[in-house]
Amino acid sequence: MAPTIAVYSSDFNGKFSDKRKNNVGNDDVEMMRKRNEELERELKESLIREEKMKVQLERVLERVRVAEEAEERLCLELGELEVEAVENALEYNARITALMDQLSRAHMLLQSASISP
């Protein structure tokens, strides 16, 4: 703890004169009244800002909820499209295999008939 120094004045005997006490008291009261009004004004402004922020937060939360629902729908649609693409690829592969078998049989038939292609 830092050392302190006290300075005493011979004019001060522990009490203020009534006139000076009233002036200082009135000045202090007026200053405190102004400060109190300023603090109350700042509090009201703060409460208004807080309410605006709550409204903005609610809007953002609603937008996030909508975005999450949209994401879920898109993921579901993407999954369905992937399934459809795999099914199409399997059908295409089966069709290619069937055509290759048919071509192979036709080629063998032509060879057995001794007809050259």
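None of these values were measured; they are calculated from a predicted model. Worth knowing before you read on, the calculation uses all heavy atoms, side chains too, and leaves out hydrogens, waters and symmetry mates.
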- Query: More than 12 heavy atoms of other residues, nucleotides or ligands under 6.0 Å from CD of Glu30: is that the case?
  - Reply: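 Yes, CD of Glu30 has more than 12 neighbouring heavy atoms, counting only those of other groups under 6.0 Å.
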
- Message: Are more than 12 heavy atoms, taken from residues, nucleotides or ligands other than Arg95, located less than 6.0 Å from that residue's CZ atom?
- Response: no

Give, for atom [atom1] of [X] and atom [atom2] of [Y], the distance between the pair rounded to the nearest 0.5 Å.
{"X": "Gln56", "Y": "Leu61", "atom1": "CD", "atom2": "CG", "result": "12.0 Å"}
{"X": "Glu82", "Y": "Glu80", "atom1": "CD", "atom2": "CD", "result": "10.5 Å"}
{"X": "Leu109", "Y": "Ser112", "atom1": "CG", "atom2": "OG", "result": "4.5 Å"}
{"X": "Glu45", "Y": "Ile48", "atom1": "CD", "atom2": "CD1", "result": "7.0 Å"}
{"X": "Met31", "Y": "Asn26", "atom1": "CE", "atom2": "CG", "result": "12.5 Å"}
{"X": "Glu68", "Y": "Glu71", "atom1": "CD", "atom2": "CD", "result": "7.5 Å"}

Could you tell me whether the side chain of [Y] reaches within less than 4.5 Å of the side chain of [X], counting heavy atoms only?
{"X": "Ser104", "Y": "Met100", "result": "no"}
{"X": "Val29", "Y": "Arg33", "result": "yes"}
{"X": "Leu103", "Y": "His107", "result": "no"}
{"X": "Glu38", "Y": "Glu42", "result": "yes"}
{"X": "Arg59", "Y": "Glu62", "result": "no"}

- Task: Output yes when a side-chain donor or acceptor of Thr97 lies under 3.5 Å from a complementary backbone atom of Asn93, and no otherwise.
- Result: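 The answer is yes, because a donor-acceptor pair under 3.5 Å joins these two groups.
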
- Task: Given side-chain contact (heavy atoms from CB on, under 4.5 Å), test Gln102 with Leu99 step by step and report yes or no.
- Result: CA-CA 5 Å; Gln102 185 181 1; Leu99 288 173; 3.8 Å; yes

- Message: Under the criterion salt bridge (charged side-chain N to carboxylate O under 4.0 Å, His left out), I'd like the reasoning laid out for Arg65 against Glu69: C-alpha separation, chi angles, the key distance, then a yes or no.
- Response: CA-CA 6 Å; Arg65 187 187 61 75; Glu69 288 176 4; 2.5 Å; yes

- Message: By the definition side chain to side chain contact (heavy atoms under 4.5 Å, CB included), identify the one residue from Ile96, Asn88, Leu90 that meets it with Tyr92.
- Response: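 Of all the options given, the one that passes is Ile96.
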
